[in-house]
Amino acid sequence: MFTLYDQEQAIACGFGVVEREHIGLYDIVTDINFRNRGFAEQMILHLLRWGRENGARYSYLAVVANNAPAWRLYSKLGYKEVYRYWYRVKDNA
């Protein structure tokens, strides 16, 4: 897990898991007051470097379909959509 701070305030964080030459990026979040300043991009680049140093040659992530700012960032970093998925919830009523 990586966290970026501005002085003592956490402003962005994300989680990376390395498994079999892949790093999965999860829970990439930036405080609403610090968005559009490049913090998430820098944090992802740090996660990717850490992954590479720990054996990852490939990376992946998931993003909510209607999260346009995240799509812009991930596209800028070279990510593209490979497939879509959705969750199903059983109604116990």
Side-chain angles (χ1 to χ4, degrees):
M1 179 170 174
F2 281 82
T3 305
L4 290 179
Y5 291 89
D6 180 29
Q7 298 182 26
E8 293 188 21
Q9 180 181 354
I11 59 172
C13 63
F15 188 72
V17 175
V18 175
E19 181 180 12
R20 291 179 282 165
E21 296 189 324
H22 289 79
I23 181 170
L25 304 179
Y26 301 96
D27 299 325
I28 307 299
V29 180
T30 302
D31 182 300
I32 195 166
N33 297 310
F34 291 88
R35 292 184 181 162
N36 298 309
R37 298 188 199 176
F39 295 118
E41 179 178 358
Q42 289 304 308
M43 187 196 44
I44 290 169
L45 293 174
H46 283 285
L47 280 165
L48 293 173
R49 183 177 336 129
W50 173 84
R52 187 173 49 250
E53 291 168 355
N54 287 277
R57 295 179 56 208
Y58 311 99
S59 65
Y60 64 88
L61 54 82
V63 60
V64 176
N66 66 353
N67 188 341
W71 279 93
R72 281 191 300 276
L73 171 59
Y74 300 146
S75 294
K76 176 182 176 185
L77 293 171
Y79 289 92
K80 62 182 178 179
E81 182 177 330
V82 175
Y83 66 91
R84 292 181 180 217
Y85 70 96
W86 58 92
Y87 292 103
R88 292 170 181 83
V89 178
K90 180 178 179 184
D91 184 4
N92 290 326

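These numbers were taken from a predicted model, which means no experiment stands behind them.
Here the CD1 atom belonging to I23 is positioned 10.5 Å from the CD atom belonging to E53, to the nearest 0.5 angstrom. How far CG of N67 is from CD1 of I28: 11.5 Å, rounded to the nearest 0.5 Å. Interatomic distance, CZ of F15 versus CG of L61, reported as 14.5 Å (0.5 Å rounding). Annotation: the span from R57 atom CZ to R52 atom CZ amounts to 12.5 Å, rounded to 0.5 Å.
Pairing each heavy atom of V18 with each of G51, the nearest pair is CG2-CA, 3.9 Å. The two residues R35 and T30 have their closest heavy-atom pair at NE-O, 2.8 Å. The two residues F39 and A12 make their nearest non-hydrogen contact at CB-CB, 4.3 Å. Minimum interatomic distance between H22 and R20 (heavy atoms only, all atoms of both residues): ND1-O, 2.9 Å.
Under the 4.5 Å side-chain heavy-atom criterion for Ile, Leu, Val, Met, Phe, Trp and Tyr, V29 and L45 are members of distinct hydrophobic clusters. A continuous path of hydrophobic side-chain contacts links L77 to V63 [ILVMFWY only; heavy atoms under 4.5 Å].
Two residues are said to be in side-chain contact when any heavy atoms from C-beta on lie closer than 4.5 Å; R72 and S75 fail this criterion. Proximity of R37 to I11: side-chain heavy atoms (C-beta onward) are nowhere separated by under 4.5 Å. Between Y79 and L25 the shortest side-chain heavy-atom distance falls below 4.5 Å. Using a 4.5 Å heavy-atom cutoff, the side chains of M43 and H46 are not in contact.
Between Y87 and Y85, the angle of the ring planes goes over 60°, which puts this pair in the perpendicular group of the 30/60° scheme. Relative ring orientation between Y60 and Y26 is described as perpendicular, the plane-to-plane angle rising above 60° on a 0-90° scale split at 30° and 60°.
Side chain of W71 to main chain of V64: a donor-acceptor pair is present (N/O by atom type, distance under 3.5 Å, no hydrogens or angles).
Atom CG of N36 sits in a sparse spot, with 12 or fewer heavy atoms from other residues, nucleotides or ligands closer than 6.0 Å.
S59 pairs with exactly one of L48, L47, I44 by the side-chain contact (heavy atoms from CB on, under 4.5 Å) rule, that one being L48.
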